[in-house]
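To start, the structure itself, in structure tokens.
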Amino acid sequence: MAILICGGAGYIGSHNVVNFINKGENVVVVDNLQSGHKEAVHPDAKFYEGDIRDAQILDKIFTENKIDAVIHFAADIVVSESVINPLKYFNNNVYGMQILLGAMVKHGIDKIIFSSTAAVYGEPERVPIFEDDRTAPNNPYGETKFMMEKIMKWVNLAHGIRYISLRYFNASGCIEDGSIGERHNPETHLIPLILQVPNGKRDHITIYGDDYPTPDGTCIRDYIHVMDLADAHYLALKYLRGGGESNIFNLGNGKGFSVKEMIVAAEKVTGQKIKTVIGKRRGGDSARLIASGEKARKILGWSPKFTDIEEIIRTAWNYHSKH
Ligand code: UDP
């Protein structure tokens, strides 16, 4: 018996592959390598290069391997790009989910763990955000993830595929041995971009807007370590295997840091001054996203180990200073 990890060559996916293998799971990975990296996939995982929108490759994988559950990370994830090119997101994310679930129905696979996002909430009415708070995505990325959750809900009712949707806040950090990390091309995410300054790859970091309704005017996010996310996926798999009902969980530390605070923290970790430039707001950004992780703690028994922001950045710096 094995699990299929869709998007296992990407940042969050590759960390989950390592974690599941360390827990003794047999892991099969499918990834189209559009943004993932083949060398990031653990050598003990069986790798298929392919796209989840291709029903034939899914047929082949589900026929050649005895798959018990699917862990789904294969999606486009850049908020600003989704605002400019929404159809790319509806195609890869929403249509991809349709094809994947169709293949699961066909092959009788009844469990899926899905990487959702805080972006389903849009601009929240309050923080911390609870799972049953208002959902109102303010960018196509969040909208597609919300639609994917709804597709799973109806497919669950019709075909009995149980799902866990994990709404991550801001995935951050890297595995402690620094063997894999967060690497997008082009880079769009805050922590790797900040660290490119002390790394000598860029002259400064642009802060996207300092006129938000927050204490220092810059956006606040809840940064959660990627290995803590991986633990939540493992616990979610155990929960579904134990007969647990479909459910939705926020994953965050419950603490918010502004862009400016993140830069100061990175200066402490790297021991270097990081030059900043104030730029315009970026499309689709919410001012403040902070999770309540209470539900995941209560029901899944999840407890994040990385609660200190400098420690989280240190693990990212460990990777970025080597690569
Ligand atoms: N951000 C920024 N400068 C950058 C990249 C990101 O000011 O070069 C801000 C961005 O506007 C957001 C926060 O950092 O408020 C986190 O952005 P990221 O893209 O890492 O994650 P997101 O919250 O969009 O998922």
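When a ligand or atom number is given, it counts from 1 through the structure's own listing order.
Shortest contact from atom 22 (P) of ligand 1 to any protein heavy atom: Asn170 ND2, 3.5 Å. Shortest contact from atom 11 (O) of ligand 1 to any protein heavy atom: Asp285 OD2, 2.5 Å. For atom 5 (C) of ligand 1, the nearest protein heavy atom (residue, atom name, distance) is Tyr208 CE1, 3.5 Å. Looking only at protein heavy atoms, the nearest one to atom 8 (O) of ligand 1 is Leu193 CD1, 3.3 Å. Nearest to atom 15 (O) of ligand 1 among the protein's heavy atoms is Cys219 CB, 3.0 Å. Nearest non-hydrogen protein atom to atom 9 (C) of ligand 1 is Val259 CG2, 3.8 Å.
Contacts between His189 and ligand 1 below 4.0 angstrom, taking non-hydrogen atoms only, involve backbone and side chain alike. Contacts with ligand 1 closer than 4.0 Å are made by no heavy atom of Met262, backbone or side chain. For Thr206, every heavy-atom contact with ligand 1 shorter than 4.0 Å involves the backbone, none the side chain.
Here Thr315 pairs with Glu176, His225, Phe306 under the side chain to side chain contact (heavy atoms under 4.5 Å, CB included) rule; sequence neighbours left out.
A salt bridge links Glu64 and Lys60; the closest N-O separation between the charged side-chain nitrogens and carboxylate oxygens is under 4.0 Å. Glu81 and Lys88 are joined by a salt bridge, as a carboxylate oxygen and a charged side-chain nitrogen come within less than 4.0 angstrom of each other. For the pair Lys305 and Asp231, the salt-bridge criterion is met [side-chain N within less than 4.0 Å of a carboxylate O]. Salt bridge status for Lys268 with Glu310: present, with a side-chain N to carboxylate O gap under 4.0 Å.
Here Tyr168 and His233 bring their ring centres to under 6.0 angstrom of each other.
In the candidate list Leu190, Ile205, Val78, Leu190 is nearest to atom 6 (C) of ligand 1, counting heavy atoms. When Arg282, Arg288, Glu187 are checked for heavy-atom proximity to atom 17 (O) of ligand 1, Arg282 turns out nearest. Nearest-heavy-atom check against atom 23 (O) of ligand 1 across Arg221, His204, Lys260 picks out Arg221.
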Verdict with reasoning, Lys260 to Val264, per side-chain contact (heavy atoms from CB on, under 4.5 Å) | CA-CA 6 Å; Lys260 283 186 176 168; Val264 169; 5.7 Å; no
For the pair Arg221 and Asp285, evaluate salt bridge (Lys or Arg N to Asp or Glu O under 4.0 Å) and give the outcome as yes or no after the intermediate values.
-> CA-CA 10 Å; Arg221 295 287 180 273; Asp285 271 340; 3.6 Å; yes
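Considering backbone and side-chain N/O of Tyr223, none are found under 3.5 Å from N/O of ligand 1.
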